[in-house]
Each structure stands twice: as structure tokens, then as C-alpha cells.
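Below, read A as the first sequence line, B as the second, and so on, with proteins coming before strands; counting in each chain starts at 1.
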8 protein chains.
Amino acid sequence: MSQPLVSIVMGSDSDLPYMQQAIDFLTSFEIAHEVDIVSAHRTPDKLMSYAKEAHQRGIKVIIAGAGGAAHLPGMIASVTPLPVIGVPVKSDSNATEGWDSILSILQMPGGVPVATVAVNGSKNAGILAAQIIGSSDTDVQNRMLLFKKEMKEAVDAKAEKLKNL
Amino acid sequence: MSQPLVSIVMGSDSDLPYMQQAIDFLTSFEIAHEVDIVSAHRTPDKLMSYAKEAHQRGIKVIIAGAGGAAHLPGMIASVTPLPVIGVPVKSDSNATEGWDSILSILQMPGGVPVATVAVNGSKNAGILAAQIIGSSDTDVQNRMLLFKKEMKEAVDAKAEKLKNL
Amino acid sequence: MSQPLVSIVMGSDSDLPYMQQAIDFLTSFEIAHEVDIVSAHRTPDKLMSYAKEAHQRGIKVIIAGAGGAAHLPGMIASVTPLPVIGVPVKSDSNATEGWDSILSILQMPGGVPVATVAVNGSKNAGILAAQIIGSSDTDVQNRMLLFKKEMKEAVDAKAEKLKNL
Amino acid sequence: MSQPLVSIVMGSDSDLPYMQQAIDFLTSFEIAHEVDIVSAHRTPDKLMSYAKEAHQRGIKVIIAGAGGAAHLPGMIASVTPLPVIGVPVKSDSNATEGWDSILSILQMPGGVPVATVAVNGSKNAGILAAQIIGSSDTDVQNRMLLFKKEMKEAVDAKAEKLKNL
Amino acid sequence: MSQPLVSIVMGSDSDLPYMQQAIDFLTSFEIAHEVDIVSAHRTPDKLMSYAKEAHQRGIKVIIAGAGGAAHLPGMIASVTPLPVIGVPVKSDSNATEGWDSILSILQMPGGVPVATVAVNGSKNAGILAAQIIGSSDTDVQNRMLLFKKEMKEAVDAKAEKLKNL
Amino acid sequence: MSQPLVSIVMGSDSDLPYMQQAIDFLTSFEIAHEVDIVSAHRTPDKLMSYAKEAHQRGIKVIIAGAGGAAHLPGMIASVTPLPVIGVPVKSDSNATEGWDSILSILQMPGGVPVATVAVNGSKNAGILAAQIIGSSDTDVQNRMLLFKKEMKEAVDAKAEKLKNL
Amino acid sequence: MSQPLVSIVMGSDSDLPYMQQAIDFLTSFEIAHEVDIVSAHRTPDKLMSYAKEAHQRGIKVIIAGAGGAAHLPGMIASVTPLPVIGVPVKSDSNATEGWDSILSILQMPGGVPVATVAVNGSKNAGILAAQIIGSSDTDVQNRMLLFKKEMKEAVDAKAEKLKNL
Amino acid sequence: MSQPLVSIVMGSDSDLPYMQQAIDFLTSFEIAHEVDIVSAHRTPDKLMSYAKEAHQRGIKVIIAGAGGAAHLPGMIASVTPLPVIGVPVKSDSNATEGWDSILSILQMPGGVPVATVAVNGSKNAGILAAQIIGSSDTDVQNRMLLFKKEMKEAVDAKAEKLKNL
């Protein structure tokens, strides 16, 4: 695989099922990526070194997924100059309906943004990463236009099918 | 001014005070940008043509701010291949503490992401736009690293001042 | 079937089970209607043309159901002079207990109302459409009075049954 | 004044400032209307007779505004065949940020809809009433199209003004 | 059975499982009671006559359970001089986690109280009714003191059992 | 003053302005009452002895107001056989919009009810206490019927005044 | 077993499964502890004597878990000079998503703190108790440093395993 | 001043007014403490070294206050073996009523607790720190018992004053 452009990290291997769609989308878009487990609260030193060095290794976007008091995206954002996409993860056992991870990721202070997507919206995180890369890569941007066209056609087909019922 | 790279749109001129920090940040970062009023509900045709053509005019990132049932960022995202940053605007008269604009912007369906920042977080929207541009522009990325260093030094100075009290 | 008076649209075929009660009620009331899939985020052009032309085709009320950051009802309302009824759809996988679709549909800005009904309240959307038609059609209004009488009698029968236990 | 087509009721005279925009809109649209105070909890008998008779007096739409455990719109809807528009009123002293009136009005049981608009959205209640009347009155519907055009032009003018700054 | 002192009403027979504990408690306390279905929205006339006459028939407390935009307790309270206990009912299909019935019952306007108990807290509604009757009936009050003693002893027994593990 | 029938307690003298309406209502209804400060967290021993003895001193109803993690009503209810009315107090400085006191008072476990009224609803607490006393005191109940009639007439007068504008 | 240093109490034996992780953690850390059932609402006298005497028996930290209007931790804190750790318990049947126990435990008034941990976070309650003991016991503190190292190594192992997939 | 036992840190000097009560309480209790500004997002390296070394310098408890997506307490807790007390700070400009800082601090994952106190509850943070120190320092614990006695007497005095009105 070529040099990864997108880094996908998550706080625990239990987040993997919730983050898989980001991986799958980037794979389908043929955008090279890497996947790792980095815990803000259990491996803070790894977080710091990983996030400080990512742009030096050619990474262009970091996607970080976390649940609960989700500190991972924000702490990565504190030390990287790269755009960081945060995915609030809500597992079945979450007690506060995901509001903890939404607010911990979204409500970052002035100076340190995290690009937050919907709860369990890792597919959209992958698409957003592709859009960011596409904003300086015409090939990727054209594929994004095609992707939108395919979404439209899929809805049209469903509408047609409904009418025939 | 050179070719704008970032487009900042808002649903109403009453949103301007809440969006000013995005404009100011991009100005301070010397990233060319344009500002416009586009209302999802009052000028939907303008929204559609504006959003469809933005990438053809060289725009690389769109920042959209809106309050209430904030449809502007999501509708722009529906027709552009560009990354769209959404700013939930909460004015003093908002009745639901900003939850309406947070959720209307954040909870986009699979396929059409909006990179959501904190309520009234337009400064972070400007910074995120710069980070996106910086991911393929070393000069901008280096300025971002410098910006982070300056934030650190400002906190250090305040900590020093506190100790001397 | 005669000229449809009510248009029922939804953002995805996965919303159909949640919208079926509106369809069933209008059928039982013998009010001609049409059903279509129109996605605010995947088929925005179809949305625009569909909504702009509906009143010209004789449609009197539009019912729109959508989940998540539910933009469909509001965007239809932005371009039609017709009353638009919005149904917040909450599927089992919704992460925020339906608040996203409630607020995205309810909190429309001044100038562009959406008549919002309860979460997953598509039956009430159908009834409301009938009431709107009935306000200028005595036959439909009389059927509505009868419908209310039947609801009362059903409760009376249940109360009677309970007493006999 | 001619025969009123729209009835605007509220639970208390303290709700009048919040309901004024509905009155003003209907006046500007030259749609005849009446205004009354009807309290679900203090004048329940008046509520019952008022709501039962409204359609017999030629009323086509009822707008009801109420705060707190806002029962007025729903109780009116329980006995009238007319479409009822509910306005959640949130005064400055409301303790629960208006959620009480939103949910009391919105979450009506199957069989008895209330067309809910945004918190303190009485202007939209007036517009929705006009749209309902317009769905069987071409003159009113044409005025609604004109109203939408004027909203668009007002935004265009503001956008123009912003560009000239 | 002797003259009922407590009236237990609910909006629908589907609320019966949630209200059963109130019935069972009053039965165990040998307080005569009656049970009926009265729907605020489907049988409003029955509600009015039922609630107006209850105190004349010797009823001393009314317990009313309802879900969604639960208007039943408040509308009963509007016409009776009796204390009304409201039980917010949250069925499994409720979309807003019971907040609709909590707030519709709790947030009554000044002048018309409803004594609200916990969501699905019909057992406590029965106990509260007994406490109200007990405040002027020494026998019932003494049984209440005994009931409290039994609760204490049950906890003590569990604590003892835990220690022996 | 004669033997108090109602005890009004609050956690702090800062709650007095929020509880004054209960005192005023009972005074206007000529129901003898006493007022005291009892803090669940600062004077727990006083709470226990006060609540255990109240019914022995002839008290028939206890009204308890508290803010924040409002434990006062529930702890009183744990040791008295009397009905306890809880008033959630929300001062201007409350950070969570009163939800803390609402839920701490409302969500009592099975066996120990608190009759909860609206946030800052101390007037309704006073009325509810009068209704409880009235359920075994015809004079008080008749005054309650009169009170309801006066409320109705006040609304009628306001409605009349509005029509004359 | 040696003299217990930590007391773990809960309001009901049904809370035991939610509190087990605190017990297990302290066992694994070889910190002597005791477990008891103390109900704020059913055994208030036991609560008072238990909490007043705990520090005299050598207890250094009290962990209290409770659900609903969780008064147990706060009432213990009202009479003990010891640090009290509160665990909001959310069982499957809880109607308000655990917000009742979160707010009842967290929002204590000035003067009487409760150290609140996450909903159902009894493991963290056990760890926090160990950290408190460790702040004056070097052995326990060193074990805590080792515990953190083991957590890090467990994440590293999972990250390694993920890379090998 | 002697060796500090408690470290009070906050994310910004704008948090100082909200944290002052912790400082004042510890001063009044004659517990040596230090105050510093440490920002999770602006000075992450300082956070890491500060938190890793605190226990080596004789600190026994760390109090950390932060607003918004408050990561400071949790990140400190990730690297220190000491008990960490978190204070959710809600400034006037906070958009989400403090829920962001409550949940970001409270909902820490298993393994890394933060002892959370009420929103803006820095006084209680100071008291909790004293209780923790007092659990192994009889002098401090005795002062805590005296402090509780003084709180009781202050309430008794207010109750007395109220009765004399």
C-alpha cells in the first residue's frame, strides 16, 4: 500500500465496529490510510507522539473516534496542525444517549477545532476526509462528484420501485 | 485580493456578528476568502447555484453558519464536492439553547457530512479551514504550527502573571 | 384514482414503515394522494422541482417525513406556497432519541413554517391533511366529525369492558 | 370586518405579546380573524363550547398559543374538526427552556393532531393559517407566492449591501 | 365494595399495566376505589362531567395516568376541587424518554396543581392517595406507619442476607 | 393563630422568596400553617426529628421546597406518614435549568412518594395542600370551588377587555 | 480480613450487580472493605448512625451507589467528615436515562460535596477510593502506578494485534 | 508557606473567578496549596509533565477546573496516581448550559476516574480535598467536623431569625 494520507485512530478495539465504515469508504475510494488504537486516558504518551508526528509522515487528515468523555479527538487536535475529524461513538451500553461524546468532541475551545460528524457517523468521517483531500486533488474531487451522482441514482431507483408497487 | 479559497456564507445578516471571528482569523492568516448571505429557506435557488459552482471557481472550503433549524450547511453539502464546515449559531433569543442548530447541522445522514464546530465557534471554523488548506500547502501548515506556539506562549504568560500575584 | 390532493414524500424507502399510517388514513378517508421518495441531501434538484410544481398539479397539502437532520420538510416549505406537514421520523438506530428530527423540523425560521406533528406521528399527519382539506370541503369535514365520534365510541367500549372485569 | 376565517386564542393576556405577530401577519394578508382569551385550566367550559362551535361560525383554522403544560391547543383539537395550529409560548420566566410547552403541544396522541410551530413562532402560525386557506383560495395562494418573492428580495438586498461594505 | 374514596382513571386501556400497582396498593390497604378509562382527547365530554362530579360522589382523591402530551391529569384538575395525582406513563414505544408526559403533567400553571409522581410511579400514586386519606383518618395513617416499618424490615433482612454471603 | 395544619419548610432562607406564594395562599385561605428552615445536608438531625413528629403535632400536610440536588422533600417523606408536597426551586444562579431539583424531587423510589409541583410552583403547593385538607373538610372544599370560580371570572374579564380594544 | 478502610453501601440489593466492580477492584488491590445495604428512604435511621460512626471505626472512604432520586450519597455526606464517592446507578428500567441519579448525586449544595463518578462507574469508584488511600500510603500509590502501566500495556497489545490483521 | 498538599489548576485565567472558592476554602482550612494555569489544548506538554510529577513533589490531591469540552481534569487523571477532583465551569457565555463540561468531566472511561463536583462547585472541590487529606490526618478531620457543626449552627440561627419575623 502507498503512503497513508488518512490516519484513523480509536480509543479502544471495542470502537472498531463503529469505525469500520470510515475504513471501508476510504478503501473504496482508494485513499491510502492507516488504522491504530490510541487511548487518551490509557496511552497518553503514545497519543502525544503519534499526533505530533503525523503531519511529518505525510498524513493529511486524522479521523479519531471515541465514546464517553471522548478526549481523543481534542487531545490529538491540541498538538497537530492537521484537520482532525471527530466521531462520537455511542455503544449500546452508553448511559447518556451519546450526549457525552457529542459534547466532549464538539465543544472545543477557541483555537483548537475538531470537525465533528454525527454520532456513529464514521462513514461521513471517511467521506469528509476524502473531500478534504479532494479540495487539492482533482481526481479525488471528481470521484466525489461521481459518488454524489451514484447516491442520487440509487434514490431515483428506489422512488421508481415504490411507484411500481 | 487574490482568488478566494474559502467561502463564508450565513443565512442572515443578523448572523454576521457570530461569524465575524472566522473572517478575522482568515484575514489574519492571509487566506483569501469571500463572504455572502445565502438563506436556505428564503433564497434556495441561490443556495443551489452558489454551492454547485463554488469548487469550479477555485473555492476549497465552504464555511456555513446558521441558527434554528439550520439547513444551510447541510443543503450546501448536498450539492458540493467540497468540505463544508457548519457553525451552529445561537443568538440571545434562541429558545432551545442552541440544540436546534447543533443537531440540525451535526446529525447529517450517511453520504453527506458537515464538519461541525462548537456553538458560535466561528473562530474554530476559520482555523479548521486553514488546517484543511494547510494539509496540502506547507506554508499555511507552518503558520498553523506557529499559531499553536503563540497560543502556548500566551497561556504561559498568564500562568506566570498568576504566580506573581 | 382521481387527481391527488395530498403528496406524501419521505427521504428514504427506510422511512416507509414510519409513514404508512398517513397513507392508510388518507386511503380510509378516500382522499386521493401520491407517494414519492425525495431526499433533501441526495436528490436536492428533484426536491426543488417537485416542491415548486406541486401546487400547480392540484396538490393542496404536502406531508414530508424525515429522520436525523431532517431537512426535507423545511426545504420543501421554502419553495411551495402550500401548507407542509413535517413528520419527525425516529428509527430504532437513532442516537439522539429523535431530538435531531424534532428540532430540525420544528424550529423553522420566521417566514417558512412547517406544521410539525409528534415523532413517528404519521397517522396524525394524515388526519391533519384531511382537516386542512376539510376546512373548505364540507363532506370531508363531516367525515372528520364522524371519525371523532368513532374514536369516542371506541374508548367508551373499552371503558365498559374494563368495568365488567 | 368581514366574517373571521381564523381564530386566534391564547391562555392568558400575558401571552398576547408572543402572539401578536400572528395577528399582524393575518392583518397584513387581509385575512379576517378574531382574537380571544381561552384558558384550558381556568375556563375549560368556555374552551369546550368555543372549540365545538368554531367551524359552525365559518372559522377555517384555529391558532392556539400557550406556555408551560400547554393544554389549550390539544384540548381545542379534541373537539373541533378544524386544523389547529399550536404555538409553544416561552416567556422569560419559563424554567424549562420551553421544553414543557413544545412537548405538551407536539406529542399529541394518534387521532388528534396539533400542527406545531417553533417556540414563540406565532408569525409562522399566521403564515401557516394563510397557506391552509390558500390551498383552496387562489388569491391567497398567489399572495403567498408574492410573499416568498419579497422575502427572497429582502435577502438579496442584504447580500448586496454586505458585498458593498 | 364500599363507597369508593379514590378514583383511578387512565387515558387508554394500554395504560392499565402501568397503573396496576396503584390499584394493587389501594386494594392491599383496603381503601375502596374505582377504575375507569377517560381520554382527554377522545372523550373530553366524559372527562368534564366525570371530574366535575367526583367530589359529589364521595371521592376524596383522583389518580390520573397518561402518556405523551398527557393532558388528562391537568384537565381533571381544572374542574375538580379534589387533589389530583398525575402519573406520567412511559410505554416502550415512547419516543422522547417520557419527558413529554413528565412536563405536560408537572408544569401546570399557577392555580391548578397536579401532584406529580415519578414516571411509571403508579405505586407511589396509590401510596400518596392513602397518605392524603390518612391525614384525616387515623386508622389509615397508622397502617402507613406500619407500611414504612415493613419496608425498613425488608431492607434490613436483605442487608443481613448480603452480610452472610 | 390556631393549631397549624400545614408545615412549610425550606432548605435555606434564600429559598424564602420562592416559597412565599405558598405562605400567602394558605394565609388567604385561612389555613393555619408554620414556616421553618430545615436543611437536609446541614441540619439532618433536625430534619429527622421534625419530620418524624409532625403528624403527632397535628400537621396534615408538609410542603418542602429545595433547589439543586434537592433532598429535603424526599428525606422528610422517608420518615413521615403524611403527604409531602415538593417544590423544585430554581434560583437565577442554577446551572442546570432546574432539572436537578425537578428530578431529585420527582423520581422517588417505590414506597416513598413526593407530590411534586412545577418548578418554582409554590403557589400550587399551597393550593394542593388546601385541596388535601379540603378532601375531608367541606368548608375548605367549598372555598376551593369558589377560588376556581374567581379564576374563571378573572379570565373572562380579561377576555372582555381584550375584545374592547 | 483486616480492618476495612473502604465502606461500600447501596440503596437496594438490586444495585449489587452495578456495584460489583468496585468490590472486585478493591479486592484485587487488597484494600480491606465492607459492603452493606443502606436505604436513604427506607432505613433513614440506619443511614444516619452508619454514616456518623464510619470514621470512628477506621473507615477512610465511603462509596455509595444509588439510582433514581439518589439521596443516599448526599445524605451520608451530610453527616460524615469522610470523602464520599457517589455512583449514579442506571438500571435498564430507568425512565430518564440516568439523568435523575446523575443530577441528584452531582448537584450537591456548597458545604457538602459528593465525589461523583460516571453512570454505572463503580469500577472507577473503587479506583478513586484506592487513589485517596494511596495519597497517604506509598504502597497503594505505587500499585496505582503499576495499574496504569498495565492498562497502557493492554492497549498496546490490542494495537499490535490490530496491525497484524 | 509550607509544602503544598493540594494543586489547583485551571485551563484559563478566565476560570479564576469560578475557582476562587476552592482557594479560599483551603486557605481558611490552613491547607497549603498551589495555583497554576494549565491548558489541555494549548499547553498539553506542560499538562503532561505537571501531572506526572505532582505526586513526586508531595501533592496529595489535584483540583482541576475547566469549561466547554473540559479535557483538563481527565487528561491529568490519565497520568497521575493521585485523586483528581474535576470542577465543571459554566461561564455566562456557555451555550449548552454547562452540560458539555459536566459530561466531559464526569463520563470518564473505566480505569481513569475523576471525582466530579457540581457545576461551578469549586467550594465543594476545596472541601472534598480537605476531606481526602483528613482521612489520614486527624487534625484536618476534626476541623471538618467543626466545619459541619458551624454550618448547622448558621442554619439554626437563620431558622430562629425567620421565626421571630
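Identified under the ring pair (Phe, Tyr, Trp, His ring centres under 6.0 Å) test for residues 113-165 of chain A, with sequence neighbours left out: A/F25-A/F147.
Smallest separation of non-hydrogen atoms from A/P44 and H/V79: CG-CG1, 3.4 Å. When all heavy atoms of H/A40 and A/M75 are compared, the closest pair comes out as O-CE, 3.4 Å.
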Pairs table: donor-acceptor atoms between chain A and chain H closer than 3.5 Å:
residue: A/R42; atom: NH2; partner: H/G110; partner atom: O; Å: 2.3
residue: A/D45; atom: OD1; partner: H/K52; partner atom: NZ; Å: 2.5
residue: A/D45; atom: OD2; partner: H/K52; partner atom: NZ; Å: 3.2
residue: A/K52; atom: NZ; partner: H/D45; partner atom: OD1; Å: 2.5
residue: A/K52; atom: NZ; partner: H/D45; partner atom: OD2; Å: 3.2
residue: A/A69; atom: N; partner: H/Q107; partner atom: O; Å: 3.0
residue: A/H71; atom: NE2; partner: H/S104; partner atom: O; Å: 3.2
residue: A/D100; atom: OD2; partner: H/Q107; partner atom: NE2; Å: 3.0
residue: A/S104; atom: O; partner: H/H71; partner atom: NE2; Å: 3.2
residue: A/S104; atom: OG; partner: H/S104; partner atom: OG; Å: 2.8
residue: A/Q107; atom: O; partner: H/A69; partner atom: N; Å: 3.0
residue: A/Q107; atom: NE2; partner: H/D100; partner atom: OD2; Å: 3.0
residue: A/G110; atom: O; partner: H/R42; partner atom: NH2; Å: 2.3

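The most heavy-atom pairs under 4.5 Å with chain A, out of H/A66, H/G74, H/G68, H/G67, come from H/G74.
With a threshold of 4.5 angstrom between heavy atoms, A/M48 approaches chain H through side-chain atoms but not through N, CA, C or O. Residue contact with chain H, scored on non-hydrogen atoms closer than 4.5 Å, involves the backbone of A/A70 exclusively.
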